[in-house]
Amino acid sequence: MNAVLQLASEGSFLLGGDAMWETSKIGFNFSFAPGLTKWMIVFWGVMLFMIVAGVIGVRKKALVPTGWQNFSEWAVGGLTNFFTKMIGPKLTKTFGPMLVTFFIFILLSNYSGMLPLNFSTEEGTLSLSNLQAPTSVFSVTAGFALIVFCCVHFAGFRENKLGYFKHLISPVVIMLPFSIIDEIVHPFTLALRLFGNIHGEETVVEQLGTLSVVTSGWVPACMEILGVLFGLIQALIFSLLAAIYISEAAEHE
Amino acid sequence: MDIDFAQMIFAITNFLILLVAMYFLMYKPLKQTMEKRHDKIKSDIETAESLKADADKMKEEISAELAKSRETAQDIINRAQKTADAQKEEIIASARAEADKLVEKANAEIKEEKEKALGEIRDEAATLAISAASKLINQSLDDDAHKKLVDKYIEEAGEVQ
């Protein structure tokens with residue numbers, strides 16, 4: 001994977017978690033915030049979009065929903081029902097909003113990587129490339145997985161009190177190190193899966209675009225169409241696995 | 001693929017901010033609206049059910065009442081029919097009696113008139129006979145002979161009649 005990243009970072013586009021937005025030539029200069037990267041702006045953009053869309057969706061509070069309110073209720077209500085069926089109403093009451101927010105945020109983040117809004121002025125010409133999805137940064141997915149990790153153990157501890165930690169040494173005490181590895185591997189795979197899929201998809205699209213003139217148009221377009229599917233599947237898998245881990249921890253013993 | 005902890009903290013913090021914002025700006029009001037709608041639909045359905053039960057009960061009552069009314073009406077009609085029949089009989093009987101009385105009276109009058117007329121004719125005939133006889137025989141008779149003659153004549157006239 002490092003080889004792919006190396007190859008990618010040598011291209012005419014910027015990739016990787018700590019790529020700086022070096023577009024000072026057309027007026028963007030983040031020298032005042034040296035740690036700020038492009039995906040952080042996208043992160044905020046997705047946040048802003050979700051909050052604005054959400055506020056518009058619930059603004060009217062009509063008993064007979066129409067338009068955007070209808071869509072919001074369909075989306076949030078549908079996802080909440082989905083998680084309720086998966087993990088039960090009690091856990092959904094606590095973790096439902098988080099899981100729904102995870103799903104929508106990851107979905108929109110994945111799709112944000114397909115928006116060709118990344119202005120750059122390399123070699124004196126203005127060019128557009130796709131934005132960098134926040135979910136294609138391992139630090140972000142690892143952060144999300146850490147949140148899930150905390151929630152899993154919070155749910156387990158809340159439901160089973162101290163008895164929750166018994167599962168680490170069951171059936172025998174010698175299982176303890178393996179159980180601990182198991183607990184760490186779960187969120188780790190969660191982070192790695194999301195990062196790998198989205199990062200890989202973006203990398204492939206970019207690389208195909210630079211491959212040759214003949215294939216530069218339609219091959220990446222086909223890949224983007226697949227990316228629409230991947231984006232949805234990865235958002236679903238992340239929130240679904242998070243829900244399953246939480247319910248597994250809560251139902252211990 | 002190394003983890004930048006500053007970026008990770010950025011992601012976690014921003015996600016938590018987003019979660020709190022979404023919870024209070026969207027999730028909670030949306031849930032309230034949906035619960036309100038749920039309650040309203042539930043109460044509407046309950047109201048509709050109770051209204052339907054009321055309507056059914058009322059319908060039953062009304063149909064019972066209707067049957068009773070129909071019975072009463074039939075009763076009234078029957079009674080009226082009977083009364084009318086009785087009255088009819090009475091009227092016909094009285095009319096017949098009246099008619100009989102009238103006929104009887106008329107008959108009596110006719111008989112009386114006939115008697116009267118016959119009497120008058122008899123007298124007239126006697127007078128005529130006397131005058132005719134006195135003219136014919138041109139002689140005076142004594143009263144006895146006269147009378148005898150007249151009676152004889154009348155008898156003959158009566159026999160002829």
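None of these values were measured; they are calculated from a predicted model. Throughout, protein chains are lettered first and strands after them, A, B, ... in sequence-line order, and every chain is numbered starting at 1.
Only the side chain of B/Ala21 comes within contact range of chain A, judged by heavy atoms closer than 4.5 Å. Residue contact with chain B, scored on non-hydrogen atoms closer than 4.5 Å, involves the side chain of A/Ile147 exclusively. Heavy-atom distances place no part of A/Leu48 under 4.5 Å from chain B, backbone and side chain included.
Counting heavy atoms from C-beta outward, A/Val148 and A/Phe238 have side chains that approach closer than 4.5 Å. Side-chain contact between B/Glu61 and B/Lys57: present, with at least one pair of heavy atoms (C-beta onward) separated by less than 4.5 Å.
Between chain A and the options B/Phe15, B/Phe5, B/Tyr23, the largest number of non-hydrogen pairs under 4.5 Å is found for B/Phe15. The candidate from B/Asn14, B/Leu19, B/Thr33 with the greatest count of non-hydrogen atom pairs under 4.5 Å with chain A is B/Asn14. Most heavy-atom pairs under 4.5 Å with chain B, from the set A/Ile104, A/Ile56, A/Thr80: that is A/Thr80. When each of A/Ala191, A/Gly143, A/Pro97, A/Gly57 is scored by its heavy-atom pairs under 4.5 Å with chain B, the top score falls to A/Pro97.
Atom OH of A/Tyr111 is surrounded by more than 12 heavy atoms from other residues, nucleotides or ligands within 6.0 Å.
Taking each heavy atom of A/Ser72 and B/Met26 in turn, the nearest pair found is CB-CE, 3.7 Å.
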**Worked check of side-chain contact (heavy atoms from CB on, under 4.5 Å) between A/Lys38 and A/Leu131** = CA-CA 8 Å; A/Lys38 272 186 284 185; A/Leu131 291 173; over 6 Å; no
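The distance between the ring centers of A/Phe105 and A/Phe144 falls below 6.0 angstrom.
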